[in-house]
Amino acid sequence: EDDAEGEAGVATKTRAKTQRPPLYKVLILNDDYTPMEFVVHVLERFFGMDHGQAFEIMLTVHKRGLAVVGVFSFEVAETKVAQVMDFSRRHQHPLQCTMEKE
Ligand code: TYC
């Protein structure tokens, strides 16, 4: 906060804009090989969705190519992406998960 004196002696205040940390969208991408049930399981396990929500988002990805599955701080988004990529690789599915600054 900063006080200044205007021409006619009028006090004005300039406030620094509140700084918020940037947020990152986590996206799941469609592919032709990952089983639908596996994607549903990933959404339940790593994004806390119930079965209905997870199924709905999975179908959106299947039909449209991708979907945002959550918005997080950089550190949390990075962890989610790493968890999904690692889990998919261990199960030998090509499912891709990426992040993008909002
Ligand atoms: N397209 C896949 C199939 O037909 C299903 C799928 C959905 C794969 C969402 C990835 O992110 C995905 N088996």
Side-chain angles (χ1 to χ4, degrees):
E1 199 123 289
D2 203 1
D3 277 336
E5 202 73 19
E7 286 300 304
V10 178
T12 58
K13 283 188 175 180
T14 54
R15 286 151 57 253
K17 283 183 182 165
T18 302
Q19 298 272 24
R20 269 171 310 185
L23 292 174
Y24 292 79
K25 297 184 280 195
V26 170
L27 302 109
I28 295 281
L29 277 54
N30 189 34
D31 66 73
D32 292 339
Y33 305 104
T34 305
M36 289 184 172
E37 321 81 82
F38 183 81
V39 179
V40 171
H41 179 70
V42 162
L43 295 175
E44 291 171 345
R45 184 178 180 122
F46 298 110
F47 298 94
M49 295 182 194
D50 67 32
H51 195 78
Q53 285 176 290
F55 195 86
E56 197 173 284
I57 298 290
M58 179 282 296
L59 268 192
T60 299
V61 178
H62 177 69
K63 289 192 262 194
R64 304 178 63 93
L66 81 182
V68 175
V69 297
V71 179
F72 307 100
S73 67
F74 181 86
E75 195 179 0
V76 173
E78 201 179 40
T79 300
K80 300 278 183 198
V81 170
Q83 286 173 331
V84 172
M85 293 300 285
D86 183 60
F87 189 68
S88 300
R89 186 191 48 75
R90 285 190 349 250
H91 288 83
Q92 303 190 325
H93 294 310
L95 180 63
Q96 297 293 304
C97 181
T98 62
M99 61 193 274
E100 180 178 293
K101 197 171 180 178
E102 202 175 49

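For ligands, and for the atoms within them, numbers begin at 1 and follow the listed sequence. Note that this is a predicted model, so its numbers are computed, not measured. All heavy atoms count here, side chains included; hydrogens, waters and symmetry mates do not.
Closest to atom 2 (C) of ligand 1 among all protein heavy atoms lies Asp31 O, 3.2 Å. Protein heavy atom nearest atom 9 (C) of ligand 1, with residue, atom name and distance: Val61 CG1, 3.6 Å. Counting only heavy atoms of the protein, atom 5 (C) of ligand 1 lies nearest to Thr34 O, 3.3 Å. Considering only non-hydrogen protein atoms, atom 6 (C) of ligand 1 sits nearest to Asn30 OD1, 3.4 Å. Residue, atom and distance of the protein heavy atom nearest to atom 4 (O) of ligand 1 are His62 CE1, 3.1 Å.
Listed by atom number, the atoms of ligand 1 under 4.0 Å from Leu29 heavy atoms are 10 (C), 11 (O), 12 (C). Taking every heavy atom of Ile28 and a limit of under 4.0 angstrom, the matching atoms of ligand 1 come to 11 (O). Annotation for ligand 1: atoms under 4.0 Å from non-hydrogen atoms of Met36 are 5 (C).
The two residues Lys25 and Val71 have their closest heavy-atom pair at CG-CG2, 4.2 Å.
Using a 4.5 Å cut-off on side-chain heavy atoms (C-beta onward), Met99 and Phe74 make contact. Between Val39 and Val61, the closest side-chain pair of non-hydrogen atoms is not below 4.5 Å.
Screening Val40, Thr34, Ile28 against Met58 for a side-chain contact (heavy atoms from CB on, under 4.5 Å) leaves a single residue, Val40.
Using the six-membered ring where Trp is involved, Phe47 and Phe72 have ring planes that are tilted, between 30° and 60° apart. Ring geometry for His93 versus His91: interplanar angle under 30°, hence parallel rather than tilted (30 to 60°).
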